[in-house]
Visitor: 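Supplied in structure tokens, the structure appears directly below.
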Amino acid sequence: MNNRIIYQAIFLLTLLSSVLAPSVATADEYWDRKVSLYSVLPINETDIVFLGNSITDGGEFSELFGRNDIKNRGIRSDVIPGVLKRVSLVTDGKPRKIFLLIGINDISHNLSVGELARRYESLVKEIRKKSPQTKLYIQSVMPINNDFKRYKGLFGREKTVKSLNAEIERIASENGARYIDLWPFLADSNGKLKKSYTNDGLHLNGPGYKAWTNGIRRFVEE
């Protein structure tokens, strides 16, 4: 009798947990939902588009810049091939400007600098081909701070970040884009993301977003 009561209690608890526990969205599910949303929110020729991964995704750019012509097309956890796959949702609208920030997630996947550069250049060439009149601003991969010991895939990748940025600068120069080095706005004297700008060593907090957007404001407004 006691065992039956115990079994019934376990069954009820299991049932309740399956009903009440929140579902955990995977990166792919989130990507699909965001792409679906962006597909019904068209870009037009007067727009300024911020395109990238979670760092872009988290920015309230219209408020940060005090403008209504800025649209956010960032997706958490996105990588260069992911942006390439969805870039037509931006380029089909022939926006006035695109601010691209991508690459840090790709670095965490242990790819060589050569492979990273090849992927990056393919994306840039696709943007230039599909929307040649758009002013393209290519932002450097931001500094990271592994003192937080949060993202194992980025441990020891500081040199890779710098090497990729050198390749990104080259790609921008060779494809008629403007390269923006974000490090003067965000890095400390040791070349790490300032601790006051992050709570995990990678993503920006409020002061971090202010520093970033204030640093590139003149490119947005020119």
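No experiment lies behind these values; they were computed from the predicted model shown.
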Visitor: Can you run down the ring-ring contact (aromatic ring centres under 6.0 Å, His included) pairs that involve residues 139-173, sequence neighbours left out, and say none if there aren't any?
Guide: Tyr151-His203
Visitor: When clusters are formed by joining ILVMFWY residues with side-chain heavy atoms under 4.5 Å apart, either directly or through shared neighbours, do Val35 and Val83 land in the same one?
Guide: no
Visitor: Between Glu121 and Arg170, is a salt bridge (Lys or Arg N to Asp or Glu O under 4.0 Å) present by the stated rule, with each step listed?
Guide: CA-CA 10 Å; Glu121 189 156 22; Arg170 173 189 63 79; 3.8 Å; yes
Visitor: For Phe99, give me all partners under ring pair (Phe, Tyr, Trp, His ring centres under 6.0 Å), at least two apart in sequence or on another chain.
Guide: Phe50, Tyr137
Visitor: For a quick test of reading the model, state the closest non-hydrogen atom pair linking Ile171 to Ala117 and the distance between them.
Guide: CD1-O, 3.6 Å
Visitor: Return the OG1 to CG distance between Thr198 and Leu193, rounded to the nearest 0.5 Å.
Guide: 5.0 Å
Visitor: Using modelled atom types only, decide if a donor and an acceptor are shared between the side chain of Tyr197 and the backbone of Lys210 within a distance under 3.5 Å.
Guide: no
Visitor: So do Arg217 and Asn214 actually touch side chain to side chain, heavy atoms under 4.5 Å?
Guide: yes
Visitor: Specify the closest pair of heavy atoms between Ser88 and Lys130, including all atoms of both residues, with the distance to one decimal.
Guide: CB-NZ, 3.5 Å
Visitor: Could you give the distance from CG (Leu84) to CD (Glu126), rounded to the nearest 0.5 Å?
Guide: 6.0 Å
Visitor: For the CD atom of Glu221 and the CD1 atom of Ile216, what is their distance to the nearest 0.5 Å?
Guide: 10.5 Å
Visitor: Any pair with a residue in residues 175-190 that passes side-chain hydrogen bond (donor to acceptor under 3.5 Å, both in side chains), sequence neighbours left out, goes on the list, sorted by first then second residue, please.
Guide: Lys125-Asn175
Visitor: Any heavy-atom pair between the side chains of Arg157 and Asn110 that's under 4.5 Å?
Guide: yes
Visitor: Would the number of heavy atoms belonging to other residues, nucleotides or ligands and lying under 6.0 Å from NZ of Lys135 be above 12?
Guide: no
Visitor: If you compare all heavy atoms of Val113 against all heavy atoms of Thr160, which two are closest, and at what distance to 0.1 Å?
Guide: CG2-CG2, 4.1 Å
Visitor: Would you say the side chain of Asp78 lies within less than 4.5 Å of the side chain of Tyr30, judging by non-hydrogen atoms?
Guide: no
Visitor: Quick check for you: to the nearest 0.5 Å, what is the distance between Ser140 atom OG and Leu182 atom CG?
Guide: 4.0 Å
Visitor: Indicate yes or no for a side-chain donor-acceptor contact from Thr91 to the backbone of Ile127 under 3.5 Å, with no hydrogens or angles considered.
Guide: no
Visitor: So, Arg128 side chain and Gly176 main chain: donor-acceptor pair closer than 3.5 Å or not?
Guide: yes
Visitor: Going through the checks in order, is the side-chain contact (heavy atoms from CB on, under 4.5 Å) test met by Ile107 and Ile144?
Guide: CA-CA 12 Å; Ile107 289 173; Ile144 57 177; over 6 Å; no
Visitor: Minimum heavy-atom separation for Val220 to Lys97, with atom names?
Guide: O-NZ, 2.9 Å
Visitor: Would a distance-only check, ignoring hydrogens and angles, find a side-chain to backbone donor-acceptor pair under 3.5 Å from Asn205 to Ser196?
Guide: yes
Visitor: Hey, is the main chain of Arg118 close enough, under 3.5 Å, to the side chain of Ser122 for a donor-acceptor pair?
Guide: yes
Visitor: With heavy-atom distances below 4.5 Å as the criterion, would you say the side chains of Met142 and Ile104 are in contact?
Guide: no
Visitor: Looking only at non-hydrogen atoms, find the nearest pair between Asp106 and Pro81 and report the distance.
Guide: OD2-CD, 3.5 Å
Visitor: Salt-bridged, Glu115 to Arg119, with N to O below 4.0 Å?
Guide: yes
Visitor: Compare every heavy atom of Tyr120 with every heavy atom of Ile80, then report the nearest pair and how far apart it is.
Guide: CD1-CD1, 3.8 Å
Visitor: Do Val161 and Leu111 land in one hydrophobic cluster if side-chain heavy atoms of ILVMFWY residues count as linked below 4.5 Å?
Guide: yes
Visitor: State, yes or no, whether a side-chain contact exists between Arg96 and Asp69 at a heavy-atom distance under 4.5 Å.
Guide: yes
Visitor: Using a 6.0 Å cut-off, check whether atom NZ of Lys162 has over 12 heavy atoms from anything other than its own residue.
Guide: no
Visitor: Same cluster or not: are Ile102 and Ile75 linked, directly or through other Ile, Leu, Val, Met, Phe, Trp or Tyr residues, by side-chain heavy atoms under 4.5 angstrom apart?
Guide: no
Visitor: Using side-chain heavy atoms (C-beta onward) and a distance below 4.5 Å, is Trp212 in contact with Leu64?
Guide: no
Visitor: If you apply the rule side-chain contact (heavy atoms from CB on, under 4.5 Å), what do you find for Lys71 with Leu41, and how did you get there?
Guide: CA-CA 10 Å; Lys71 293 183 177 177; Leu41 298 174; over 6 Å; no
Visitor: In the structure I gave you, are the side-chain heavy atoms of Thr56 and Leu51 within less than 4.5 Å of one another anywhere?
Guide: no
Visitor: Say whether, by atom type as modelled, one donor and one acceptor occur between the side chain of Asn72 and the main chain of Phe61 under 3.5 angstrom.
Guide: no
Visitor: Counting only N and O atoms by type, is there a donor-acceptor contact under 3.5 Å from the side chain of Ser62 to the main-chain atoms of Ile70?
Guide: yes
Visitor: When rounded to the nearest 0.5 angstrom, what is the spacing between CG in Asp47 and CG in Asn68?
Guide: 11.0 Å
Visitor: Hey, quick one: are Leu204 and Leu101 part of the same hydrophobic cluster, counting side-chain heavy atoms closer than 4.5 Å, chains of contacts allowed?
Guide: yes
Visitor: Look up atom CG in Asn105 and atom CZ in Arg76, then write down how far apart they are to the nearest 0.5 Å.
Guide: 11.0 Å
Visitor: Does the pair Arg73 and Leu89 meet the rule for a side-chain contact (heavy atoms from CB on, under 4.5 Å), with working shown?
Guide: CA-CA 9 Å; Arg73 292 297 181 267; Leu89 294 176; over 6 Å; no
Visitor: Is the closest side-chain heavy-atom distance between Asp92 and Ile43 below 4.5 Å?
Guide: no
Visitor: Taking a hydrophobic cluster as the set of Ile, Leu, Val, Met, Phe, Trp and Tyr residues connected by side-chain heavy atoms closer than 4.5 Å, whether directly or through intermediates, do Trp31 and Val79 fall within one such cluster?
Guide: no
